[in-house]
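Input: a single structure, listed below in structure tokens.
Every number for a ligand or one of its atoms is a count from 1 in the order of the listing. These figures come from a predicted structure and were not determined experimentally.
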Amino acid sequence: MNEYRPTIGLEIHAELATDTKMFCSCRNDADEKRPNVNICPVCMAHPGTLPVINRSAVHKVLLVGTALGSRLATYSEFDRKNYFYPDIPKGYQISQYAYPLVKGGSLKNVEITRIHLEEDTARSQHQGGSSLVDYNRAGLPLMELVTEPVIHDAETASSFARELQLLLRYLGAGDANMEKGEMRVEANISVSKTSVFGTKVEVKNLNSFRAVERAIAYEIDRQIKALESGERILQETRGWDEGRQATFSQRKKESSEDYRYFPEPDLPKLSISEIKEFSNEALQKSLPVLPWERRNNYIYKLGLKEDDADMFVREVVLGGFFDKACAHTDLEGARLVANYISSDIAGKRDAGDLQDTWLMDDANAKRLASLISLIQKGVLSSRGAKDTLIHMFNCIEEPEEIANKQGLIQKSDEGFLKQVVIKVMSANPSVVADYKAGKEAALQFLVGQGMKESRGAANPTVLRDQFKRSIL
Ligand code: ADP
Ligand code: ZN
Ligand code: MG
């Protein structure tokens with residue numbers, strides 16, 4: 001029997017972090033709790049008002065397109081998408097249809113169809129028999145990215161969405177918090193046993209990456225079971241019920257004809273190629289280091305573990321701290337720095353015992369680099385370094401000073417080590433004889449005894465040499 005092959009295409013909406021709304025000068029403030037304060041005659045669709053295009057919103061979408069290696073439109077225009085719902089005051093949404101700002105490009109090897117710009121809808125709240133509408137969100141600049149149907153598993157879909165979120169943050173294009181509804185994912189899913197696509201179902205209301213994964217997995221399973229029992233898959237929109245961990249039918253899908261798209265007569269056409277700040281060169285220049293570039297640098301140039309690299313790319317504060325500490329070390333030092341941050345420091349931070357202000361202080365990054373160089377020079381054991389680090393969180397002293405005061409410095413001086421060696425040798429004559437007879441493991445035992453005798457203060461490398469020289 002042939003296996004069913006799932007196919008997934010994503011439609012992702014993201015609010016853009018501009019100062020003002022898409023077509024008026026109302027504030028774009030996602031944190032405004034009071035309803036209906038950021039509204040004006042334009043976004044409330046009063047007669048006689050005219051929209052004005054937000055230049056910064058266009059710029060942000062073009063920047064995303066540039067980062068994704070897409071083709072940017074030389075010409076673009078807005079369209080009216082007509083439908084009735086209380087969350088769109090005009091009775092239509094200004095969107096883009098035939099001339100999106102961006103086409104093509106890819107992210108994590110998933111091809112992108114298009115990215116266009118539109119306005120967000122109001123937020124409606126249904127409680128009991130009545131509904132409340134907050135228009136603060138109505139008219140916020142909203143980017144919609146559509147992928148080709150080229151994804152075949154749930155994990156790829158959610159990792160695509162995660163990477164897009166990271167990109168938007170790196171570009172300063174949006175905060176893209178899914179819990180806040182700043183980024184919303186819709187997944188189109190079909191299954192088929194042949195090379196012909198099956199009927200797709202659209203799943204909405206996915207407000208976490210986990211929901212994206214679970215809903216897709218659920219839907220694949222549901223469709224296969226339905227087909228196996230001889231049912232047909234209906235083209236429909238389904239919602240995700242977080243409580244039941246299941247998708248449920250919402251409505252039969254509209255086709256684009258139902259929206260009666262037509263060019264927005266109240267807005268000018270955009271000759272993108274004639275606007276200087278929208279030129280490819282200008283956009284390329286304003287790109288920061290991108291998340292995947294930074295990740296690859298960490299992995300391939302510095303040799304960090306993938307998990308550490310990903311943590312530093314994702315966690316701005318930890319990544320910044322790592323970069324600053326690294327500036328004071330060599331390649332081997334960088335890997336040690338990464339280990340100390342991803343284990344000791346991140347752990348303490350996760351537990352709520354370390355403030356970001358400590359991590360944002362350049363002096364602390366430099367002190368961590370000094371600590372690492374003490375390990376590299378054999379002045380501190382890794383145990384001693386960990387103990388020193390604990391003190392570093394609570395004082396501004398240099399690691400060497402701390403280690404000195406705490407008696408953590410490993411002793412390398414001849415006189416001290418000689419005494420230790422003599423003591424251990426006279427207490428273990430048979431082990432010494434074993435080593436003389438060629439038993440390598442015996443040396444390790446003696447070094448261990450020496451460390452014990454010195455209460456961990458001896459530098460094990462130097463101690464080992466001392467034993468070798470004393471015995472042979
Ligand atoms: P519609 O006209 O219904 O909106 P589109 O062709 O615009 O459909 O595609 C919308 C989304 O659905 C895109 O992300 C696309 O990749 C995805 N898609 C299209 N066909 C399929 C399919 N058979 N299975 C899964 N996803 C699909
Ligand atoms: Zn307004
Ligand atoms: Mg479509």
- Message: If you take the nearest heavy atom of each of G9, P149, S190, which one is closest to atom 24 (N) of ligand 1?
- Response: S190
- Where ligand 1 meets F197 - atom numbers and elements under 4.0 angstrom, heavy-atom basis: 23 (N)
- Note on the structure: Taking the Zn ion (ligand 2) as the apex, SG on C40 and SG on C43 give an angle, to 10°, of 110°
- Message: Here's one to test your reading of the geometry: is the NZ or CZ of K81 within 45 degrees of the ring axis of F262 and under 6.0 Å from its centre?
- Response: no
- Task: Check the angle between the aromatic planes of F312 and F322 and answer parallel, tilted or perpendicular using the 30° and 60° thresholds.
- Result: parallel
- Query: Looking only at N/O atoms, are V146 and ligand 1 under 3.5 Å apart anywhere?
  - Reply: no
- Message: Within the 3.5 Å criterion, strictly below it, is a donor on S342 or D308 matched to an acceptor on the partner's side chain?
- Response: yes
- Query: Do K193 and Y4 meet the cation-pi criteria used here (NZ or CZ under 6.0 Å from the six-membered ring centre, within 45° of the axis)?
  - Reply: yes
- Message: If I apply the N/O under 3.5 Å rule, does T147 come out as touching ligand 1?
- Response: yes
- Query: Regarding Q376 and D330, is there a side-chain donor-to-acceptor distance under 3.5 Å anywhere?
  - Reply: yes
- Message: Please confirm whether G198 approaches ligand 1 to less than 4.0 Å, judged on its heavy atoms.
- Response: yes
- Note on the structure: Numbered in order shown, the ligand 1 atoms found under 4.0 Å of a heavy atom of L10 are 14 (O)
- Query: Under 3.5 Å, is there a donor-acceptor pair linking the side chains of Q93 and Y259?
  - Reply: no
- Task: Tell me which one of K200, E111, E148, R114 gets a heavy atom nearest to atom 1 (P) of ligand 1.
- Result: K200
- Could you go step by step and tell me if I220 and K225 meet the side chain to side chain contact (heavy atoms under 4.5 Å, CB included) rule? CA-CA 9 Å; I220 291 170; K225 282 189 180 135; over 6 Å; no
- Item | T113, portion touching ligand 1 at heavy-atom distance under 4.0 Å | neither
